[in-house]
Amino acid sequence: MAAEVKSDPKGLSKIVNDFGKRFSSRSTPAELVQKNILKEEDVNQGGVASTLVQSKIALEEEKRKDQLNRRLSNRPTKVDLKLRNILRVESSENVADPEGDNTSRTSTLGSNGNLDFEKRSAQLKSILKKRPEKSQLEEMNILKGNNADPSIVSAQEKLKRAQIENTLEGRLRDRPNIEELAEAKILLFSETVEVLPTFRKSEYNRKPDANATFKNLTPQMKVQIREELNSFKKHEMPVHEDSLRNTCFH
């Protein structure tokens, strides 16, 4: 049984028009070559001889090789990289360049490197001289004065902390309640509630005075005040023996 096919002239004309628009707006071979979709030798295959295309490709390869060789010849040597601290220098290895061409450059870089090393060494020595002594750190409770094994010291600290926690929990458990404190007239409550007016931030200036003392202190004056405060806490301030370890030094 033959099937009947109905022709649609409007649909066919629409397809033809659409195909014509796409065909007219397609990219040219030159544009495809610029987008690396087509190769130039494929485009010029009909008009240019294949020998010319092959010679052009060979010239481009030679050009790339020349550029690569030029960059390799200008790259720094192993000695230069070591003097710039890019490559690590072993203790048993000599940094000096045995080649005669780079002797002057190596000596210059080596002298600069030695100067930088000496400068950093002097700075580090000055910092180490200013660091506090072990006795001072022990007095400030930064270091523990015990010379025992650190694991034993940490275990002792944990044990002391556990004992303090148990004591504190026992005292909190046995403390009197609010009714007992009120009966003993230790804790008093007012029967009236008084509400006092206050002022908004926009009504008065809450910033400190521009001539306040703390704003005019120099770093040296701050250090002197800190040292005086620590000396007072250490020698003059009366502190209970059990609370000496809780004294905070600045």
Output yes when a side-chain donor or acceptor of [X] lies under 3.5 Å from a complementary backbone atom of [Y], and no otherwise.
| X | Y | value |
| --- | --- | --- |
| S121 | F117 | no |
| D80 | P76 | no |
| S231 | E227 | no |
| K233 | C248 | yes |
| S243 | N246 | no |

Are more than 12 heavy atoms, taken from residues, nucleotides or ligands other than Q67, located less than 6.0 Å from that residue's CD atom?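 Yes, because the 6.0 Å sphere around CD of Q67 holds more than 12 heavy atoms from other groups.
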Assess whether atom CD of E228 is packed by more than 12 heavy atoms of other residues, nucleotides or ligands within 6.0 Å.
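For E228, atom CD is not crowded (no more than 12 foreign heavy atoms under 6.0 Å).
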Indicate yes or no: at least one non-hydrogen side-chain atom of [X] is less than 4.5 angstrom from one of [Y].
| X | Y | value |
| --- | --- | --- |
| L72 | L68 | yes |
| L128 | R131 | yes |
| E60 | R64 | yes |

Can you measure from [atom1] ([X]) to [atom2] ([Y]) and round to the nearest 0.5 angstrom?
| X | Y | atom1 | atom2 | answer |
| --- | --- | --- | --- | --- |
| D209 | K215 | CG | NZ | 8.0 Å |
| M237 | N230 | CE | CG | 10.0 Å |
| L187 | E179 | CG | CD | 10.0 Å |
| K234 | L244 | NZ | CG | 12.0 Å |
| I152 | E157 | CD1 | CD | 13.0 Å |
| I164 | L159 | CD1 | CG | 10.0 Å |

**OP:** Can you see which heavy atom on L217 is nearest to which on M221, and at what distance?
**Re:**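 Nearest pair, atom of L217 first, then M221: CD2-CE, 3.4 Å.
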> So does E203 pair up with R200, basic N to acidic O under 4.0 Å?
Replying inline: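 Salt bridge present between E203 and R200.
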Could you walk me through whether I178 and F189 pass the side chain to side chain contact (heavy atoms under 4.5 Å, CB included) check? CA-CA 11 Å; I178 298 177; F189 294 95; 4.0 Å; yes
* To do: Treating Ile, Leu, Val, Met, Phe, Trp and Tyr as nodes and any side-chain heavy-atom pair under 4.5 angstrom as an edge, say whether L196 and V193 lie in one connected cluster.
  =>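 No, separate clusters.
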